[in-house]
Visitor: 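Take this structure first; my questions come after.
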Amino acid sequence: MTEILFTGISQLVTSASGPQRGAAMRELMVIENAALLVRDGRIAWVGPAGEAPAATEKHDLGGVAVVPGLIDPHTHAVWAGNRLWDFEARVAGVPYETILAGGGGIRSSIAATAAATVEQLVALARPRLVALRQSGATTAEVKSGYGMDFEAEVRMLRAIQELGREFNLLSTLLIHVPPTENREDYVRGVCETLIPDVAAESPATAVDVFCEVEAFSVEETRRIFVAAQAHGLKVKLHADQFCAIGGTELACHMGALSVDHLEASGPAQIAALAASGTVATILPGVTLHLGLPAAPGRVLIDAGAVVAVGTDLNPGSSPLFSVQMALALAVRLNGLTPAEALTAATVNAAAALGLSDRGSLSAGMRADFLALHGPDWRELPYTLGANPVRDVFVGGVKI
């Protein structure tokens, strides 16, 4: 049995375990001059240092704040190629349709990724995931979706599996972009071939669909969800990024883990999320990078929804390599309080991935936590352009 008592904690700050909604997202436990006992990779006790139990080993953190490890519930960290030409063209005012016609846009990422081997994809993604972890992410989700053809999608999922030997990852099969021809055949193939093959090989835990005017329809999404659930896979949704066409309501009705983006969500979508167990995942990096309206985080919380925050790390719309920065941007762009943002990036982000064993510094939970550079936890949502995270601990072990 391995047992370590962590002392020298100026503040230990955490949400309660499990998803938090509405006003509960602001209710943090703050213990001044705290200690944390880790036994065999899990939290055995937390409380005031003066009441700490005996332990076989002690580790003094030096008087800094401790918070739960952050969880990034939405990334596209595996890709090849780059979108730098797109970036220059877009800021110069070139319409996205023109960028696509010139060979850029998402289809350039699809072509480059489809041409890469598993080994190449792993090598490209590794430093991105290192950056996320250094920013405080102790767990992250990674999606496929840049493959288009089924073999390329499976290669992406295998790359995520390989990276899972080094990082705590959950992989998601993303049905991202419809083909320009034979659309019905493609959707049928996803339902009858790709999803069964992925479920049999077990390289993914969930299926995500991009439900938008220029992507998959609500009915196509429903068919894909039915196939995924029939094969034991959970479902998630990209929706309301540009238009609200009914995908959010469908996802809530079908018990999706989360609906992500929500920049275009209105009263009907907010009400559906607030009345369901589906997590509303906001992605402020997209707002910052593309200049889109911000997702209504404040309104969602006030309505009683479970709100999470993620980076949406990807080459085109959110080249954001820091989950701490996503948390900080959620305060500035989406109207969250610092306490709500911490909850959104920990227990609620865990719920968006179907996880219940992490995100809170509570007895029995995984001992994933961060030691900050300073004594006040509010440096985490306050800091821009520097990393307030000093040490990352996974299972009680410093990474």
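Along the sequence shown, residues carry numbers from 1.
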Visitor: For the rings on H261 and F242, is their centre-to-centre separation under 6.0 Å?
Guide: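 Between H261 and F242, the centre distance exceeds or equals 6.0 Å.
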Visitor: Only one of L262, L300, D240 passes side chain to side chain contact (heavy atoms under 4.5 Å, CB included) with I270; say which it is.
Guide: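 By the side chain to side chain contact (heavy atoms under 4.5 Å, CB included) criterion, I270 pairs with just one of L262, L300, D240: L300.
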Visitor: A quick test of your reading: do over 12 heavy atoms of other residues, nucleotides or ligands sit less than 6.0 Å from CZ of R378?
Guide: no
Visitor: I want to check something: taking the side chain as every heavy atom from C-beta on, are I175 and E153 in contact at a cut-off of under 4.5 Å?
Guide: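 A side-chain contact under 4.5 Å is absent here.
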Visitor: With no hydrogens and no angle check, is any side-chain donor or acceptor of N33 less than 3.5 Å from a backbone partner on S10?
Guide: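 Answer holds: no.
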Visitor: Tell me whether K143 is salt-bridged to D208, with the criterion being a basic N under 4.0 Å from an acidic carboxylate O.
Guide: yes
Visitor: Can you tell me if E151 has over 12 outside heavy atoms packed within less than 6.0 Å of its CD?
Guide: no
Visitor: For V38 versus G395, what's the shortest heavy-atom pair and its separation?
Guide: CG1-O, 4.5 Å
Visitor: Nearest heavy-atom pair of A351 and L257: which atoms, and what distance?
Guide: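 Closest heavy-atom pair between A351 and L257: O-CD2, 4.1 Å.
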Visitor: Report, as yes or no, whether the 6.0 Å neighbourhood of atom CD on E219 holds more than 12 heavy atoms from other residues, nucleotides or ligands.
Guide: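 Yes, enclosed.
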Visitor: Could you go step by step and tell me if H253 and R222 meet the side-chain hydrogen bond (donor to acceptor under 3.5 Å, both in side chains) rule?
Guide: CA-CA 10 Å; H253 176 71; R222 186 197 66 79; over 6 Å; no
Visitor: Hey, which of D312, V142, T311 is the one that makes side chain to side chain contact (heavy atoms under 4.5 Å, CB included) with H74?
Guide: D312
Visitor: Looking only at non-hydrogen atoms, find the nearest pair between V279 and V307 and report the distance.
Guide: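 Heavy atoms only, the tightest pair is CG1-C, 4.4 Å.
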Visitor: Working note: R358 + T138, criterion side-chain hydrogen bond (donor to acceptor under 3.5 Å, both in side chains); need CA distance, chi angles, decisive distance, verdict.
Guide: CA-CA 10 Å; R358 66 199 73 183; T138 52; over 6 Å; no
Visitor: Between V235 and A228, what is the shortest heavy-atom contact and its length?
Guide: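 Closest approach of V235 to A228: CG1-CB, 3.8 Å.
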Visitor: With no hydrogens and no angle check, is any side-chain donor or acceptor of E88 less than 3.5 Å from a backbone partner on W85?
Guide: no
Visitor: Do other residues, nucleotides or ligands put more than 12 heavy atoms under 6.0 Å from the CZ atom of F150?
Guide: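 It does: F150 CZ has more than 12 such atoms within range.
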Visitor: With side chains defined as the heavy atoms from C-beta onward, is the minimum distance between F210 and T221 less than 4.5 Å?
Guide: no
Visitor: When rounded to the nearest 0.5 angstrom, what distance separates NE2 in H373 from CG in N387?
Guide: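 Between H373 NE2 and N387 CG, I get 6.0 Å after rounding to 0.5 Å.
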Visitor: Taking all atoms of both residues into account, what is the closest heavy-atom pair of G104 and D86, and its distance?
Guide: CA-OD1, 3.7 Å
Visitor: Between the main-chain N or O of Q241 and the side-chain N or O of E212, is there a donor-acceptor pair closer than 3.5 Å?
Guide: yes
Visitor: Grouping I, L, V, M, F, W and Y whenever their side-chain heavy atoms are under 4.5 Å apart, do L370 and I4 come out in a common cluster?
Guide: no
Visitor: To check you understand the geometry: which heavy-atom pair defines the closest contact between L372 and V64, and what is its length?
Guide: O-CB, 3.2 Å
Visitor: The criterion is ring pair (Phe, Tyr, Trp, His ring centres under 6.0 Å); which residues satisfy it with F393, sequence neighbours excluded?
Guide: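 Listed in chain order: F6, F369.
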Visitor: Does the pair S15 and T343 meet the rule for a side-chain hydrogen bond (donor to acceptor under 3.5 Å, both in side chains), with working shown?
Guide: CA-CA 6 Å; S15 303; T343 300; 2.7 Å; yes
Visitor: Keeping the roles fixed (side chain from Q120, backbone from T117), state whether a donor-acceptor pair exists under 3.5 Å.
Guide: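 Present.
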Visitor: Consider only side-chain heavy atoms of I, L, V, M, F, W and Y, link residues closer than 4.5 Å, and tell whether V394 and L61 are in one cluster.
Guide: no
Visitor: Quick one: which residue pairs count as a side chain to side chain donor-acceptor pair (under 3.5 Å) with a foot in residues 176-186, not counting sequence neighbours?
Guide: R183-E220, E184-R188, E184-R223, D185-R188
